[in-house]
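Scope of the values below: all heavy atoms of this structure, side chains included, with no hydrogens, waters or symmetry mates.
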Amino acid sequence: MRPLLKSPMLLVMCFVIFMSSTVWAGLDPILEPHLRMFSLSGSLVGLVFLLISVTYAIASPFWGKLSDRVDDANKLLIAGFFMIAFVLLFLGPVPISGIPDDLLWLNIICLALLGIFVSLTVLPTYDMLLELAIEAGLQKCSSTYGLVSGIWGSMYAFGEFVGPSLSGFLMDSVGFQWCTTYMAIGCFSAGLLLFFIKIFEDIKEYGLTKLQMEERNPLLDADTQMKGFFGSYSI
């Protein structure tokens with residue numbers, strides 16, 4: 001367990017899981033007050049909330065298959081967080097954009113897209129956390145699975161606690177538009193962090209590959225010279 005806890009990537013993965021659940025749960029206390037301006041009935045408000053869960057459920061199998069096929073799920077997380085940030089800026093919308101905040105169709109589209117892209121940032125995280133534990137030296141056994149499940153569940157639950165608390169406070173302090181803007185900034189920060197980590201890993205891998213090639217080339221050159229030397233004395 002200690003090698004996993006010492007890994008810097010564990011903190012990154014915990015932040016990613018926390019950020020996904022914070023956005024997902026943070027909409028609950030602020031969405032209904034925001035929808036009051038549209039004078040919707042209680043059943044229609046319930047359908048709007050249902051829309052997010054439906055798109056999440058529909059997109060989850062697709063993202064799950066895609067995460068199994070790609071070599072690096074970091075790319076999916078980066079795309080997911082950037083798209084969530086983009087959608088949240090239109091959901092508010094961000095005050096400096098000049099877009100009216102009373103467009104019901106825009107809110108419905110943004111909520112549907114949020115369900116799709118939040119599922120993209122949630123689904124790959126467990127497998128990535130499990131791979132991180134195995135790379136740290138832990139064995140594939142029930143205790144490792146339990147440890148990974150505990151870390152994942154605790155961070156997701158922590159986000160579900162912080163999300164509604166923080167979004168409710170921001171809703172009362174600065175309003176719905178700035179609240180979603182701050183949520184977008186958080187998601188953009190998570191995507192940017194993963195993006196820089198991906199670039200750093202690619203540069204490191206390229207450097208190791210280049211170093212290995214340089215170590216092999218002198219051996220190949222020496223072998224070629226020896227063949228040429230003995231070949232010159234052949235009868």
Student: How would you list, by chain and number, every residue that makes a salt bridge (Lys or Arg N to Asp or Glu O under 4.0 Å) with E32, sequence neighbours excluded?
Tutor: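 Result, salt bridge (Lys or Arg N to Asp or Glu O under 4.0 Å) vs E32: R36.
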
Student: Which atom pairs, donor and acceptor, lie under 3.5 Å between side-chain atoms of residues 96-108 and protein residues at least two apart or in another chain?
Tutor:
from, atom 1, to, atom 2, distance (Å)
S97, OG, V94, O, 2.6
S97, OG, I99, N, 3.3
N107, OD1, H34, NE2, 2.7
N107, ND2, L103, O, 2.6

Student: Write down the atom of L120, the atom of L77, and the distance for their closest heavy-atom approach.
Tutor: O-CD2, 3.9 Å

Student: For residues 41-63, which residue pairs pass the ring-ring contact (aromatic ring centres under 6.0 Å, His included) check, not counting sequence neighbours?
Tutor: W24-Y56

Student: Quick one: list whatever passes side chain to side chain contact (heavy atoms under 4.5 Å, CB included) with T22, sequence neighbours left out.
Tutor: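 T22 satisfies side chain to side chain contact (heavy atoms under 4.5 Å, CB included) with F18 only.
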
Student: Can you list every pair that meets side chain to side chain donor-acceptor pair (under 3.5 Å) and has a residue in residues 121-134, with sequence neighbours left out?
Tutor: S20-T121, T125-W152, Y126-S149

Student: Name all pairs fulfilling the side chain to side chain donor-acceptor pair (under 3.5 Å) condition that reach into residues 177-190, sequence neighbours left out, sorted by first residue then second.
Tutor: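 Residue pairs passing side chain to side chain donor-acceptor pair (under 3.5 Å), neighbours aside: none found.
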
Student: List, one per line, each side-chain donor-acceptor pair under 3.5 Å for residues 140-148, sequence neighbours excluded.
Tutor:
from, atom 1, to, atom 2, distance (Å)
T144, OG1, Q139, O, 2.4

Student: Using the test ring-ring contact (aromatic ring centres under 6.0 Å, His included), find all partners of F195 that sit at least two apart in sequence or belong to another chain.
Tutor: none

Student: Could you note down all residue pairs passing ring-ring contact (aromatic ring centres under 6.0 Å, His included) where residues 65-98 supplies at least one of them, sequence neighbours left out?
Tutor: F82-F188, F86-F90

Student: Could you pull out all donor-acceptor pairs under 3.5 Å where a side-chain atom in residues 169-176 meets a protein atom, sequence neighbours excluded?
Tutor:
from, atom 1, to, atom 2, distance (Å)
S173, OG, F169, O, 2.8

Student: Counting only pairs under 3.5 Å, give me each side-chain donor-acceptor contact of residues 156-166, with atom names and distances, residues two or more places apart or in other chains.
Tutor:
from, atom 1, to, atom 2, distance (Å)
S165, OG, F161, O, 2.9

Student: Only pairs at least two apart or in different chains count here, so list each salt bridge (charged side-chain N to carboxylate O under 4.0 Å, His left out) that has a residue in residues 67-79.
Tutor: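 Found D72-K198.
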
